[in-house]
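Here's the structure, in structure tokens; my notes come after.
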2 protein chains.
Amino acid sequence: MRSTKNTTHKKVTLVDVAAVAGVSAITVSRVINQPDKVSDLLRRQVQAAIDSLGYIPNQFASSLASSKSRVIGVAIPSLSNIVFNDVLRGIYEVAGKAGYKVLLVDTHYSPLEEEKMVRTLLSQAPEAMIITGGDQTRACQQLLQKANIPIVQMMELIDQPLDMNVGFSHWQAGYDVVSKLLEAGHTRIGFMGARMDPRVQQRMLGYKAAMDAAGIDWKNYVVTTPEPSSIALGCELFRSLMASTHGAIDSLFCCNDDLALGALFESQRMNIRVPEQLSLCGFNDIEASQFVNPSLTSVHVPRYEMGVKSTEMVIRALTGKPIEQKQVDIGYEVRLRKSTRNAK
Amino acid sequence: MRSTKNTTHKKVTLVDVAAVAGVSAITVSRVINQPDKVSDLLRRQVQAAIDSLGYIPNQFASSLASSKSRVIGVAIPSLSNIVFNDVLRGIYEVAGKAGYKVLLVDTHYSPLEEEKMVRTLLSQAPEAMIITGGDQTRACQQLLQKANIPIVQMMELIDQPLDMNVGFSHWQAGYDVVSKLLEAGHTRIGFMGARMDPRVQQRMLGYKAAMDAAGIDWKNYVVTTPEPSSIALGCELFRSLMASTHGAIDSLFCCNDDLALGALFESQRMNIRVPEQLSLCGFNDIEASQFVNPSLTSVHVPRYEMGVKSTEMVIRALTGKPIEQKQVDIGYEVRLRKSTRNAK
DNA sequence: GGGCCAAATGATAGCGCAATCATTTACTCT
DNA sequence: AGAGTAAATGATTGCGCTATCATTTGGCCC
């Protein structure tokens, strides 16, 4: 009804284009992949043929012949966790500009699922991989090593990276938060954790280490759950923590901002004043945190930059450019806001 | 250092596996793709060879030979907008279970970029496509039609869908919100819009239609910007709206919850009481909305379900199952909360 | 003007797999 | 027991492209 020619539903191939343009197939291939190797005249001629036929190259044939997939495989533990939005934005941004496609999988925070997903990814022959954290199964790590491609493990600092590593120390961040609270005169510092993935564990270990260093017994101040984090869960956990501690805590460190916001909103309902009666600190510094009342103290993490850096590193590796350092500490920053007071 | 055999970095192919297993290549292929067509004995034998060699099939060769990519192309306008998290979760969930990979692109709310991205996607020979909305360029629509694969346009109801369509009427939702506010006795109803993508436009048109129907002049009550939405922007827009209207509005409909939360937080800072002095309504019903104080009236949208339904539909089409209806209205629900009062 | 080099273009082969059809084997039924 | 059938396995071929090498063309120099 619309286009005049090839309403026949046969796929248009390189050869068809070549025939129309009156050149050989390889010349068409060059027009697409290395345009400057073809004379202006032919290039225009071929381009016209491509346009008129609506030719779209078959990437499978191309990849099979060249063993270049132009794909970067990315594995993240959760699509719902907003934290990964920014990371992904950075990854897509850099990858797109450099002409790479991104194949994304969600591992649901499960190393076993991750292994399965990595298999899937590898069968797409990605030229590089960006994965989250360091808790892959042994088999998964072997698969990755054997793939012999640039790999970045991101989000946290790993002891023995498979290849490259971009992140920051969640342990240190947890330790720092507690140190600030201690400095501000708090002693009965609570901890709320959900999901308890390796990074949350590290934050908690940092909390515990700082408490231990200050000689404070944290045993009754900690509440955790393997459930996925949410504001609703923050409300719940806050209630149960207040019940179990009989309101004895003077401050609370939440493993992320969702929980902290939940705690904040619930404290308002419970008529517990923040920060007068309770200092509150989150983690990740999502946008809402600086706008709620009182604004929420949180640990700011350069997530977008982490995505950008990770992708830049694999692309540098792919293009043979030198990598300054295989492990990059992207840092973080504790942002003190109105939800924490100085208790001294 | 690790694995014993094939430390040589040659790729392991079907033929290698076949040789080790003592069968023909095609049998190995069958073990992978149609296991029940192979006897138990051989299947185990071949599986052992696969495992010992760490064989991973080359999807390019497979796709080229079978012209099946097992890929679903997905185009969304933004990776940062949380709204798409839930949609994507639904898509990945269903696609993954059915053995499809998802190739995701971000069109940055630009039809031109979308066209470019669709070209990229199509060169991956996706078996189906899920795209956002109906404002593709003419060229893009032609490309899609020519691809001759199942397509779902999601997020909104389209007049002339390219193929299938899953969404709801943003116009009607905007109209409904305003109707509820009118019913509650409000008359000076403001509107705040950001980004102004087609769906936001529809919500605004719904707002205007309802105002017109009530005989209320909305000209001075509307503030919009093409900037991307955020809580911070909500604060800003709210300030400028209050300045330009001299606080004359008695209620405010925001095109999404980010803006509404910004307005809410800013109103607290400006000592404007919500809902006593101003009723507030958002859109999308993100998690924070039901937990802020006062809780935020919003339009709840089944985003996850939209992703699920869209993916189910393309998969049904791919597997030749009947499609009940090509256009599915997934609905929405105005959830009245404490940020809106009854003013009668 | 012959020889030489670089740029432009082409011919051929093969990437790794699955579709197709052919062959073998095992088993049932009369 | 022989014919017939289904299940299991194999040989061949080609998917559409690019790597590789070969060939042609057009200058440029001495």
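As the structure is a computational prediction, the values presented were derived from the model and not from experiment. Note on naming: letters A, B, ... go to the chains in the order of the sequence lines (proteins, then strands), and numbering restarts at 1 for each one.
In this structure, CD of B/Gln34 is placed 12 Å from C1' of C/dT20, rounded to the nearest angstrom. The distance from atom CD1 of B/Ile56 to atom P of C/dC15 is 20 Å, rounded to the nearest whole Å.
Listed here is the closest heavy atom pair of B/Ala75 and B/Thr107: CB-CG2, 4.1 Å.
Remark: A/Lys37 pairs with no residue by the salt bridge (Lys or Arg N to Asp or Glu O under 4.0 Å) rule, at least two apart or across chains.
Pairs of residues two or more places apart, or lying in two chains, that qualify as side-chain hydrogen bond (donor to acceptor under 3.5 Å, both in side chains) and include a residue from residues 57-71 of chain B are B/Arg70-B/Tyr100.
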Can A/Glu115 and A/Thr137 be said to form a side chain to side chain donor-acceptor pair (under 3.5 Å), step by step? CA-CA 7 Å; A/Glu115 181 184 325; A/Thr137 65; 2.7 Å; yes
For nucleotides 8-16 of chain D, 5' to 3', base contacts (B), sugar-phosphate-only contacts (S) and non-contacts (-) with protein non-hydrogen atoms under 4.0 Å give SBBB--BBB
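No salt bridge links B/Lys321 with B/Glu312; every basic N to acidic carboxylate O contact stays at or beyond 4.0 Å.
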